[in-house]
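On a predicted model such as this, the values are computed, not experimentally measured, just so you know. Proteins get letters first, then strands, A, B, ... in listed order; numbering begins at 1 in each.
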6 protein chains.
Amino acid sequence: MPYVTIEWFEGRSGEQKQEIAEKVTEVLSEVGGMPPDQVWIRFVDSPKSNWAMGGAIQGGGDGALGPPD
Amino acid sequence: MPYVTIEWFEGRSGEQKQEIAEKVTEVLSEVGGMPPDQVWIRFVDSPKSNWAMGGAIQGGGDGALGPPD
Amino acid sequence: MPYVTIEWFEGRSGEQKQEIAEKVTEVLSEVGGMPPDQVWIRFVDSPKSNWAMGGAIQGGGDGALGPPD
Amino acid sequence: MPYVTIEWFEGRSGEQKQEIAEKVTEVLSEVGGMPPDQVWIRFVDSPKSNWAMGGAIQGGGDGALGPPD
Amino acid sequence: MPYVTIEWFEGRSGEQKQEIAEKVTEVLSEVGGMPPDQVWIRFVDSPKSNWAMGGAIQGGGDGALGPPD
Amino acid sequence: MPYVTIEWFEGRSGEQKQEIAEKVTEVLSEVGGMPPDQVWIRFVDSPKSNWAMGGAIQGGGDGALGPPD
């Protein structure tokens, strides 16, 4: 432990995931006192068509809430 | 918040997801008193071959427990 | 299936949960075509002190994003 | 209930999932006293490129922590 | 990996959890080919009042779907 | 989105959670290009008695894998 799940829109690159994994692991280790090798992270890439915010499925044109693609 | 996850067999259409998202958001807002724009919903479409009920992987022919496809 | 998880701030009553469960089950059954008795819902009540939005742990006084308590 | 989620690297076969589903259902039923038909299991197959352990995205050559593929 | 989550009604003892953890780890190792020390399991004990099946919050008297307490 | 879940042993303070929330939000915003106010984080504090690693429920004396308490 700990086990971290990051659920987001698909579209992030492997380089972004690697950098995020390193930095989140560092934060949990330094602030939370956990051995880095015990930090597991799983990324969950979902299409915008599987997310709704405010009752609206995302990805329908404006992208107001979305990340840069 | 709230964050709602709906895990089910794949196969529902975008129109069904949109209608479900609208209605579930409305229910949470009206009954739970939460601002609609703070309701996030994520759909998780899984193949039947990744679900087991009663020890049996689904999708093997009878479909007794499954949704209409 | 389906399996629905509703993660939110603690504080909703049993009556609210019962009403939400009924209505969400009805929506999934009517719109998604799933047998009502196959709809499972789990509520996850978390203290505001375990949620962060925009980098800020919730519950710290203003409650701008929170539900009525 | 219960609802069991098994998150792992993709690559396990349908036969492995079926055998695991049967045996895990049996264990929960015998040890936990739950009716087998009330045991639901969902497998979540993730590419190694979506897992990090110790700050390192998996699948990068050595596979020290990975399963046989 | 793998990471296993077991969500159920609260009420199981520490001895039951230990026995289930051992046996599920053994199944995943023997059938799935994963090193036992890489199997993480997390139990999530929920009150019946946080589960609904078929639109009904559980624990309201009959207990038809519930485990022995 | 994104929605981040951090599952760990209970015992971290509110100050640690606040600092982790800030830094993880900053990482996701800077590296992933997501608006900070759209980053939601939920901490899940579990007793060691609800975690098993390598088939062994944690917290049983040695604490080899555990965090400082």
Side-chain angles (χ1 to χ4, degrees), chain A, chain D:
Chain A
M1 75 106 239
Y3 185 72
V4 179
T5 308
I6 300 179
E7 299 169 350
W8 57 13
F9 295 154
E10 60 191 3
R12 242 63 48 183
S13 69
E15 287 72 20
Q16 285 174 304
K17 290 177 187 174
Q18 177 56 48
E19 187 174 349
I20 288 170
E22 280 173 26
K23 291 186 173 172
V24 169
T25 300
E26 194 178 282
V27 168
L28 288 169
S29 176
E30 290 182 2
V31 182
M34 289 164 287
D37 64 310
Q38 288 293 320
V39 179
W40 288 7
I41 299 173
R42 192 168 73 88
F43 295 101
V44 181
D45 300 322
S46 288
K48 288 188 182 182
S49 55
N50 270 347
W51 284 83
M53 292 169 177
I57 294 288
Q58 301 298 295
D62 63 76
L65 290 170
D69 279 311
Chain D
M1 76 107 237
Y3 185 72
V4 179
T5 308
I6 299 179
E7 300 169 351
W8 57 13
F9 295 153
E10 61 191 0
R12 243 61 49 181
S13 69
E15 286 72 20
Q16 285 173 305
K17 290 177 187 174
Q18 176 57 48
E19 187 174 349
I20 288 170
E22 280 173 26
K23 291 186 173 173
V24 168
T25 300
E26 194 178 282
V27 167
L28 288 170
S29 176
E30 289 182 2
V31 181
M34 290 165 286
D37 64 310
Q38 288 292 321
V39 178
W40 288 7
I41 299 173
R42 193 168 72 88
F43 295 101
V44 181
D45 300 321
S46 288
K48 288 188 181 180
S49 54
N50 270 347
W51 282 84
M53 291 169 178
I57 295 288
Q58 299 298 295
D62 63 76
L65 291 170
D69 279 312

Check your understanding: Taking A:Val39, A:Val44, A:Leu28, A:Val24 one by one, which has the highest count of heavy-atom pairs under 4.5 Å against chain D?
Key -> A:Val39
Study note, to complete from the structure: In terms of heavy-atom contacts, A:Ala21 and D:Ile57 come closest through CB-CD1, 4.5 Å
Check every N and O of chain D against chain A and note each donor-acceptor pair under 3.5 Å, with its distance.
residue	atom	partner	partner atom	Å
D:Glu7	OE1	A:Tyr3	OH	2.4
D:Glu7	OE1	A:Arg42	NE	3.4
D:Glu7	OE2	A:Arg42	NH2	3.3
D:Ser46	OG	A:Arg42	NH1	2.9
D:Asn50	O	A:Phe43	N	2.8
D:Asn50	OD1	A:Lys17	NZ	2.6
D:Asn50	ND2	A:Asp45	OD2	3.2
D:Ala52	N	A:Ile41	O	2.8
D:Ala52	O	A:Ile41	N	2.8
D:Gly54	N	A:Val39	O	3.1
D:Gly55	O	A:Gln18	NE2	2.9
D:Ile57	N	A:Gln18	OE1	2.9

